[in-house]
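Below is one structure, written out as C-alpha cells; comments come after it.
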Amino acid sequence: MRTLILATALALSAPAAFACETFTVGDLTVEHAWSRATIGAGRPGVFYVEITNAGDTDDALIGLATPAAGMPMLHETVVMDGVASMPHAMSIPVPAGQTVALAPGGYHGMLMDLSTALKEGDSFPVTLTFEKAGEVTVNVEVLSLRAEGPDCEHAAQ
Amino acid sequence: MRLTGLQKILWAAAGIATLAYGAFMVLSDRAPLPVAQAAFRPTFALPDAEGRLRTPADFAGKHMLVFFGFTNCPDVCPTTLSEVAQVMDDLGDDAARVQPLLISIDPERDRRLGLAEFVTAFHPSILGLAGDAAQTRAAADSFKIFFEREEDPSAPDGYAMSHSPALYLIGPDGDWLRQFTYGTPATEILADLQSRL
Ligand SMILES: [Cu+2]
C-alpha cells in the first residue's frame, strides 16, 4: 500500500485538522505531525512531530515506517563550528515528564525514496516505534513548501 | 573535524581584520584608506539553469543574499529558503534591489533534479547556480565557506553533504557586508536590509 491518502472535504473545511490531531500510546502523546510539500519525488521529504511523555519512565523513539517512503530514517541536524550536517540518529530520547520536538533545524524524520511527490493538503500515515510504549500510527499533514509548522489553535507558542 | 586548524585561523584573522578596520574607520580622524584596500569582495563564476555564466558583475547595484546549499536537504535548506522568500515578499517594491542566490554545493545532482524548479518554488526571484566541481570550490573558497561530501551508504545516492548554512549579504558594489547565521528570523533579515536600501 503505497498510495497517499488525499485530504478531501475534511481538509477543505478544517485545513489544520490533521496536524492538530492528538494520538496516544501508553504515557506518550503524539501531536503536530506535519511534513513539507516536495517538488517531485526525487528528493527526500521530511517529517516533524511533537512527543510528550507524561509517565515517569524514560522512553525513546527508535523507528519510523510509512507507505509514503521506501526508506524513512531518523536524522538530527547538527550545526557545529558553523557547519551543518545531518547524521543518522539511532534513537531520539523521550525522557519522563518532557516534550521532545522533531522540528526544523533539529531532529527530523528523513523520508527517502518517496513513493510520490508530497502535495500541500495531502496526508499520509507514519508509524512511530518507541522502545517501551510500542507503536502508534499518526496522520501527517503535508503543509506548504514554506511552512515552518502547523498553526493549531491550542498550540502553546 | 569540521574545520581545519588553518581554516579556523583564517576565519579568525578575517574577523579580526574586519573589526580592526571598522574600529580604525570609527576612531581615526584621518582620511580613510581607499576602500578597495580593505573591502572583502567574494566572487563566483557559475552557470544558471540556462547555462549562462553568472558573476557578481551581473548583479552590480543590487544587494545579494547568497546561500550555499543543495536541494536534497529537506530540513536546513527549506528553512533558509523560506526565510529568504518571506523577506523578498515583505520588501515590496524594494525587492527589485535584492537578488537572492542559491549556490549549489552538490551541483551535479542538483542539475539532474532541477535546481531552478526547486528554488523558484520558494520564490520566483531566487536564482539557482550550479557549476562544475572546480567552479563550486572556487566560489566556496572565495566566500570562505566550508562544504564537504561524506560517503554514507544510508544516505540518498550513497553520500551526504555538510556545509556552512549561513546567509551572506553582499552590497551593491560587491563588498561583503555581513552574514546571518542559520535560523536568523526573516523579520531580522528584513529590518537589516531595509536599513540599507
Ligand atoms: Cu535529514
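Labels below follow one simple rule: chain letters A, B, ... track the order of the sequence lines, proteins then strands, and each chain is numbered from 1. Being a predicted model, the structure only gives us computed values, none of them experimental.
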Any side-chain to backbone donor/acceptor pair from A:Arg36 onto B:Pro74? Under 3.5 Å, distance only.
yes
Do any of residues 76-94 of chain B have a heavy atom less than 4.5 Å from a heavy atom of chain A, and if so, which, in residue order?
B:Val76, B:Pro78, B:Thr79, B:Ser82, B:Glu83, B:Ala85, B:Gln86, B:Asp89
Shared hydrophobic cluster for B:Leu115 and B:Met64 (ILVMFWY, side-chain gaps under 4.5 Å)
no
Could you check which of B:Leu113, B:Asp157, B:Asp152 has the highest count of heavy-atom pairs closer than 4.5 Å to chain A?
B:Leu113
Under 3.5 Å, side chain of A:Arg43 to main-chain N/O of B:Asn72, donor-acceptor pair present?
no
Separation between CG of A:Asp81 and OG of B:Ser162, rounded to the nearest 0.5 Å
11.5 Å
Sequence neighbours excluded - ring-ring contact (aromatic ring centres under 6.0 Å, His included) pairs with any residue from residues 88-117 of chain B
none
In the hydrophobic cluster built from side-chain contacts under 4.5 Å, what are the other members alongside A:Ile62?
none
Pairwise side-chain contact, B:Phe147 with A:Val83, heavy-atom cut-off 4.5 Å (strictly under)
no
OG of A:Ser85 to NE2 of B:His163: how many Å apart, nearest 0.5 Å?
9.0 Å
A:Val25, A:Val126: one ILVMFWY side-chain cluster at the under-4.5 Å cut-off?
yes
Tell me, for B:Phe118 versus chain A, whether the close heavy atoms (under 4.5 Å) come from the side chain, the backbone, both or neither.
both
Would you find more than 12 non-hydrogen atoms of other residues, nucleotides or ligands less than 6.0 Å from B:Glu108 atom CD?
no
What part of B:Ala166 lies closer than 4.5 angstrom to a heavy atom of chain A: side chain, backbone, both or neither?
neither
Under 4.5 Å, heavy atom to heavy atom: which of residues 91-107 of chain A reach chain B? Give them by number, or say none.
A:Ala103, A:Pro104, A:Gly105, A:Gly106
A:Met112 versus B:Ser154, closest heavy-atom pair with distance:
CE-O, 3.4 Å
Among B:Cys73, B:Gly114, B:Ala121, B:Pro165, which residue forms the greatest number of heavy-atom pairs with chain A at distances under 4.5 Å?
B:Pro165
Linking I/L/V/M/F/W/Y whenever any side-chain heavy atoms sit under 4.5 Å apart, do A:Val142 and A:Phe23 land together?
yes
Transitively linked via ILVMFWY side-chain contacts under 4.5 Å: B:Val119 with B:Ile103?
no
